[in-house]
Amino acid sequence: MLKKLRLDQTKKYEQSIAVYETSLMLCAFVEGRKHILSIGAEQGDVKGWDDFIIQDSPNEFTHLQVKRQQTDFKPDGKSVKEKSIDLSPLDKSFQSLAQWVEKQSRSSINKHRFRIELPSDGVKIKEEIELRNLRDFLVLHIKDTTTVKGLEDLQNVAKDSNATNIFKWLTTWCGFKGWENILKALRLLEIRDNGSEIDIDNKSKTELARVFNDPSAVISKIKSYLDENTAYTGQIAPRQLLFELKGNLLTNCQSWTQIDGNGDEWEISGIHDLEDNSEIERPSKIVPELWANDKGRKLHINISPVNNVLAPIHEGVFQLALHLQGNSNGFCTDWAGWKICISDKVGLTLGDSEDDLEKLTISTNNTPYKINGGKRINSNAEREDFAKEIGIEMIKATWSMVVQKVSFIIGNMDISQSPELRDAVEKRWSIWMTSLENDVDTQKEIFRRIVHPNAEGQDILGHLRIGPKTKTLLADALFICILVSVGLDPENSGIMRTKDGGTIGAIGINHWSGPAGKKRRVREIDDEDSVEELIGKDPSDILILSKSRQVENLIYKQPLTEFTNVDHSLAAPRRPKLLVTRNPILNATIKKGSISDLRTYLERDLFARSESINETLNNLS
């Protein structure tokens, strides 16, 4: 009965150690920090060091020997082996370590660590040596710079009793052949005195309390999980265990996604998608989470090397990162290089301000690390599918934000003089919104044209500008498009269309990078040196510059007369039939709330252009 009780107590102690190590692994995983990859039982290749095997990284392991030792190992044994006395369990463990060290190459030996876990280090190894003596010896004398000669001098010249007794014990009882092998082994060894099971469980509770509510309940669940899943071939990994504990996560716990890419080897991992244990970080889950603005979230990007030729998956990942906002932050390896690359791809601006790329919530990740349990995206087809899916989800998320913003703008229109225009715009928006709701391709094309003027050229990846950072620009441009539609097309002939089949287009950014073929420079949308090229490259019949406050005449560098003759010869730059800006005259017209006043304002400019064309044709005939 006493023997069984001791075995039960030993099992409880081992369980407490396992729970603590699991808690460390789990909390580091939840917090998006470097963590051990897995914990396994009895699957090591070093006999006597397989109570637990911790996988620290893909090819590095820590072997735990757990001893609930409260009495001396061999109180009647001395450093010099007495043939009549059997080996203690500790002797056997170190004998196994000696045999293992002797067979290992230098590269192999450095991939393993060994740790003794016990309640106290005050027990005796042999009559002259307590375990604490071995621990002190490790701390004081086993360094990276320690040499075999130094240890020999410590024993034989300095006459250090600890060194002498440890050498005798290890060479006589444990089979070490000399200081060379002893040094190799002791460099890999750590001794921890952890206190009682209660002490260890309290440490687990303190660790778990950072990310879980009711740590005591979480410990019980971890113990049950370990009992159910620990097997000779089994490993406890953090993500699978977290799925069982997700109901206990603190609501303010910072969540994360990590994307690793190196050549053709890609992997995604994280904790934003815990809905289904068989699914890992689906774009439909991570995009809304990372682009939300309600709590702290992190995106880790470990992609190498920096490459100016971007595959679709690169574009998707960095578009996701560019639009992180609020408490969401990005951490990117080689960010200095990637920032230059991505800045070039978006024309040095997202379109909002002159320095909006300096306000990104992305910083350098100097310590990338491996995550356990990620989803591999290694084939071309898998990467293409992932890029397509994340692209669709980003458009859907942006559309949702823009819908709310447009509806807000309409709801706040001035109706002090008349609600007529507001009501018509609201009705027209409802029709457009319903038509576009599930048409992601059309949503994307409308958004792309708003944030990427044709004049910038195709070397600019304008779709990377689409996201939360430009939602207000997109919404403002769409709002003016709806106004123009209501003013010129009472019957609603179609989205971005007029009743005569003409096209409505909008450029909604504040800043752009200038015409293709010229040195990139961020400038205002109606910059006088390049606005003619901006307008001339757009094919729309009616073109809206929603962020320009200039009236049409000033943009065209003409006197502020009501009707101005325009050069329509073949040598003249192309101009739309109607150019609409958010100038004070339009604002005043909108404020009146009259559809007829808006129509008069818009048709006046259309009529003036038509008259100008006729005059040009008459002069040529």
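Keep in mind that the numbers below use all heavy atoms, side chains included, and drop hydrogens, waters and symmetry copies.
A side-chain donor-acceptor contact under 3.5 Å links W338 to the backbone of I303. A donor-acceptor pair under 3.5 Å is formed between the side chain of S353 and the backbone N or O of D356. Side chain of K298 to main chain of E31: a donor-acceptor pair is present (N/O by atom type, distance under 3.5 Å, no hydrogens or angles). Not one N or O on the side chain of R465 forms a donor-acceptor pair closer than 3.5 Å with the backbone of I450. At distances below 3.5 Å, at least one donor-acceptor pair connects side-chain atoms of S594 with backbone N or O atoms of D597. Proximity of a side-chain donor or acceptor of R523 to a complementary backbone N or O of R521 within less than 3.5 Å is detected. Without hydrogens or angle criteria, R297 side chain to E289 main chain gives a donor-acceptor distance under 3.5 Å. Checking side-chain atoms of S328 against main-chain N and O of L324 turns up no donor-acceptor pair under 3.5 Å. No donor-acceptor pair closer than 3.5 Å links the side chain of S400 to the backbone N or O of A397. The main-chain N or O of L290 is never found under 3.5 Å from a side-chain atom of H323 such that the two would form a donor-acceptor pair.
K427 and D423 are not joined by a salt bridge, as no carboxylate oxygen comes within less than 4.0 angstrom of a charged side-chain nitrogen.
Atom NZ of K396 is surrounded by 12 or fewer heavy atoms from other residues, nucleotides or ligands within 6.0 Å. Heavy atoms from other residues, nucleotides or ligands lying under 6.0 Å from CZ of R376 number 12 at most. Shown here is E315, whose CD atom has more than 12 heavy atoms of other residues, nucleotides or ligands within 6.0 Å. Annotation for E528: atom CD does not count as buried by contact number, only 12 or fewer foreign heavy atoms lying within 6.0 Å. The neighbour count for K499 NZ, taken as heavy atoms of other residues, nucleotides or ligands under 6.0 Å away, does not exceed 12. No more than 12 heavy atoms of other residues, nucleotides or ligands shown are found within 6.0 angstrom of CZ on F408. Taking a 6.0 Å sphere around CD of E445, one finds it holds more than 12 heavy atoms contributed by other residues, nucleotides or ligands.
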Evaluate the criterion ring-ring contact (aromatic ring centres under 6.0 Å, His included) for residue pair W256 and F331; output intermediate values, then yes/no.
CA-CA 11 Å; W256 57 274; F331 302 89; over 10 Å; no
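A salt bridge (Lys or Arg N to Asp or Glu O under 4.0 Å) with D538 is found for exactly one of K577, R449, R575, namely R449. Just one residue in the list N365, T364, V306 forms a side chain to side chain contact (heavy atoms under 4.5 Å, CB included) with D334, and that residue is V306.
The heavy-atom pair separating C341 from N307 by the smallest distance is SG-O, 3.6 Å.
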